[in-house]
Amino acid sequence: MTTPGTLEGLRHLASGKVRDLYAVDDRHLLLVASDRISAFDVVLDDQVPAKGEVLTGLTRFWLELLGDLVPNHLAGWRASELPAGARHLAGRAMLVRRLQMLPVECVARGYLAGSGWKDYQATGAVCGIPLPRGLRQADRLPAPIFTPATKAQTGHDQNISEAEMAERIGAGIAAHLRELTLEVYRRGADHAARRGILLADTKLEFGLLDGEVVLADEVLTPDSSRFWPAGGWAPDSSPPSFDKQYVRDWLERQTWDMTPPAPRLPPDVVAGTAARYRECYERLVGRPLDAWLAEARRS
Ligand code: Q0Z
């Protein structure tokens with residue numbers, strides 16, 4: 001159903017671990033979020049039911065909330081707005097305007113996690129941004145920071161300085177992306193906190209359309225961000241991931257060297273993970289996931 005390369009009348013352009021990209025016409029693409037899940041950088045053989053709908057429904061929610069801040073690439077998501085061969089994917093598919101993508105990953109961090117924590121331990125700074133001494137893993141930062149990276153074809157994104165970012169895309173656009181990214185983070189973190197979820201960090205992508213900066217890709221989803229249940233947070237720890245913790249905990253109890261293929265997940269781990277993705281949508285949006293599915297499929 002969401003296997004890439006099988007959409008009638010649409011040319012498959014690219015696939016990530018989770019999402020697939022198709023050409024629609026000169027000016028539009030179709031972005032499809034599958035139910036695939038990765039853990040420890042490996043795409044698992046098991047799918048998580050309705051995960052793709054959670055990613056797409058959340059992105060559409062945030063893009064609407066952020067519409068007054070920055071224009072975005074979303075051009076349609078209702079069944080009637082999708083290409084004929086993709087209407088069965090309503091709820092997990094977005095018709096998007098084709099942009100000239102800017103070759104930087106725009107990351108905002110409000111907490112010390114992942115590569116930021118590693119960088120801090122080694123250098124006392126994150127991506128060259130000096131931070132106070134004595135911060136612990138998962139600590140909240142004094143203020144959110146902007147830490148751009150370059151898209152690596154294989155492996156992990158490479159952090160770059162703001163000066164390097166400016167060399168790549170120009171100082172004016174770089175400064176604009178920095179301010180937009182921090183404001184998206186502040187708004188997202190504020191909204192999530194009121195619903196019991198901490199937004200540790202998030203990664204955004206932008207493109208240009210007719211010279212204008214446009215927010216692209218998925219936005220403030222569990223796949224592009226670290227979401228922590230507020231009640232599970234403690235400094236000096238690696239807080240549980242809101243969505244993937246069941247999968248990670250179970251995989252860590254198996255004998256597996258973290259190279260593909262991963263062990264097959266038991267049904268209760270799949271079901272528990274699906275429930276967490278659904279809960280993530282419902283807490284953030286304040287509506288049942290099924291209302292999103294019905295709305296997308298209606299027309
Ligand atoms: C996004 C990606 C993949 C999912 C290209 N609006 C746009 N205009 C032009 N290009 C893109 C977009 Cl979103 C674009 N990606 C990343 C790759 C699956 C997203 F294989 N690549």
Side-chain angles (χ1 to χ4, degrees), residues 1-36 50-106 151 153 168-169 173 176-177 180-181 184 188 202-225 281 285 289 291-299:
M1 179 196 187
T2 56
T3 314
T6 58
L7 276 189
E8 208 180 319
L10 300 179
R11 189 163 55 93
H12 175 239
L13 289 183
S15 286
K17 284 189 182 132
V18 171
R19 292 163 318 130
D20 305 303
L21 194 62
Y22 299 85
V24 174
D25 61 35
D26 286 1
R27 288 162 42 228
H28 297 92
L29 304 173
L30 190 79
L31 201 48
V32 181
S34 73
D35 289 342
R36 298 192 294 273
K51 176 174 180 279
E53 283 91 345
V54 167
L55 300 183
T56 300
L58 270 177
T59 294
R60 132 67 215 204
F61 169 76
W62 293 116
L63 290 179
E64 190 168 294
L65 192 108
L66 298 165
D68 65 310
L69 176 70
V70 56
N72 64 67
H73 69 159
L74 186 57
W77 48 268
R78 294 178 178 85
S80 61
E81 298 168 328
L82 300 178
R87 295 203 175 125
H88 64 293
L89 299 176
R92 65 170 72 239
M94 297 191 301
L95 182 71
V96 302
R97 276 177 274 272
R98 232 186 236 258
L99 310 176
Q100 184 192 325
M101 294 301 286
L102 291 162
V104 285
E105 306 278 346
C106 292
K151 304 174 214 210
Q153 279 296 356
R168 285 168 182 265
I169 64 174
I173 292 174
H176 188 39
L177 295 194
L180 285 174
T181 300
V184 168
T202 196
K203 177 168 80 179
L204 302 173
E205 290 197 43
F206 295 88
L208 294 177
L209 185 63
D210 303 327
E212 186 177 48
V213 168
V214 175
L215 180 55
D217 220 307
E218 62 178 339
V219 175
L220 295 168
T221 72
D223 279 11
S224 67
S225 316
Y281 176 91
V285 176
L289 182 66
W292 160 245
L293 297 181
E295 198 184 359
R297 289 169 182 164
R298 185 173 302 140
S299 47

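Nothing here was measured: the structure is a model prediction, and the numbers come from that model. Throughout, residue positions are numbered sequentially from 1 according to the sequence presented.
Side-chain N or O atoms of Asp20 include none that pairs as donor or acceptor with a backbone N or O of Ser15 at under 3.5 Å. Using modelled atom types, no side-chain atom of Glu64 and backbone atom of Arg60 make a donor-acceptor pair closer than 3.5 Å. The backbone N or O of Glu212 sits nowhere less than 3.5 Å from a side-chain atom of Asp210 that would complete a donor-acceptor pair. With hydrogens and angles ignored, the 3.5 Å screen pairs no side-chain donor or acceptor of Arg11 with any backbone N or O of Tyr22. Counting only distance, with no hydrogens or angles, the side chain of Trp292 and the backbone of Gly91 share a donor-acceptor pair below 3.5 Å. Arg98 contributes no side-chain N or O that, together with a main-chain N or O of Leu29, makes up a donor-acceptor pair within less than 3.5 Å. In terms of modelled atom types and a separation under 3.5 Å, the side chain of His88 and the main chain of Ala90 share no donor-acceptor contact. Using modelled atom types, one side-chain atom of Thr56 and one backbone atom of Arg92 make a donor-acceptor pair closer than 3.5 Å. Looking at Lys51, its side chain does come within 3.5 Å of a backbone N or O of Arg36 through a donor-acceptor pair.
Note that CZ of Arg298 and CG of Leu293 are 11.0 Å apart. Values are rounded to the nearest 0.5 Å. Once rounded to the nearest 0.5 Å, the distance linking CZ of Arg78 with OG of Ser299 reads 6.0 Å. Annotation: the span from Leu209 atom CG to Gln100 atom CD amounts to 9.5 Å, rounded to 0.5 Å. From Ser34, atom OG reaches atom CD of Glu53 across 10.0 Å, with rounding to the nearest 0.5 Å. To the nearest 0.5 Å, atoms CG (Leu215) and CG (Leu69) are separated by 8.5 Å. A distance of 11.5 Å separates CG of Leu204 from CH2 of Trp62, quoted to the nearest 0.5 Å.
Residues Thr221 and Glu218 approach most closely at OG1-OE1, 2.9 Å, considering heavy atoms. Across every non-hydrogen atom of Leu63 and His73, the tightest pair is CD1-CD2, 4.5 Å. Shown here for Leu289 and Ala50, the closest heavy-atom pair between the two residues is CD2-CB, 4.1 Å. In terms of heavy atoms, Arg19 sits closest to Ala33 at CG-CA, 3.7 Å. Heavy-atom minimum distance, Asp35 versus Gly52: OD1-N, 2.8 Å. The shortest heavy-atom contact between Arg97 and Leu74 is NH2-O, 3.1 Å.
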Decide yes or no on side-chain contact (heavy atoms from CB on, under 4.5 Å) for Leu7 and Leu89, but give the supporting numbers first.
-> CA-CA 10 Å; Leu7 276 189; Leu89 299 176; 3.6 Å; yes

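Using a 4.0 Å cut-off between charged nitrogen and carboxylate oxygen, Lys17 and Asp223 do not count as a salt-bridge pair. Using a 4.0 Å cut-off between charged nitrogen and carboxylate oxygen, Asp217 and Lys203 do not count as a salt-bridge pair.
Counting heavy atoms from C-beta on, the side chains of Val219 and Ser224 never come closer than 4.5 Å. Leu66 has its side chain out of reach of Asn72: every pair of non-hydrogen atoms, C-beta onward, lies at least 4.5 Å apart. Under the 4.5 Å side-chain criterion, counting only non-hydrogen atoms from C-beta, Leu58 is in contact with Val285. Considering only heavy atoms from C-beta on, Asp25 stays 4.5 Å or farther from Pro83 through its side chain.
Counting heavy-atom neighbours within 6.0 Å of Asp68 CG, excluding the residue itself, gives a total above 12.
Evaluated for a side chain to side chain contact (heavy atoms under 4.5 Å, CB included) with Met94, the options Thr59, Leu55, Val32, Leu82 yield exactly one hit, Thr59. Remark: of the listed residues Leu99, Val214, Ile173, Ile173 is the sole one forming a side chain to side chain contact (heavy atoms under 4.5 Å, CB included) with Leu208.
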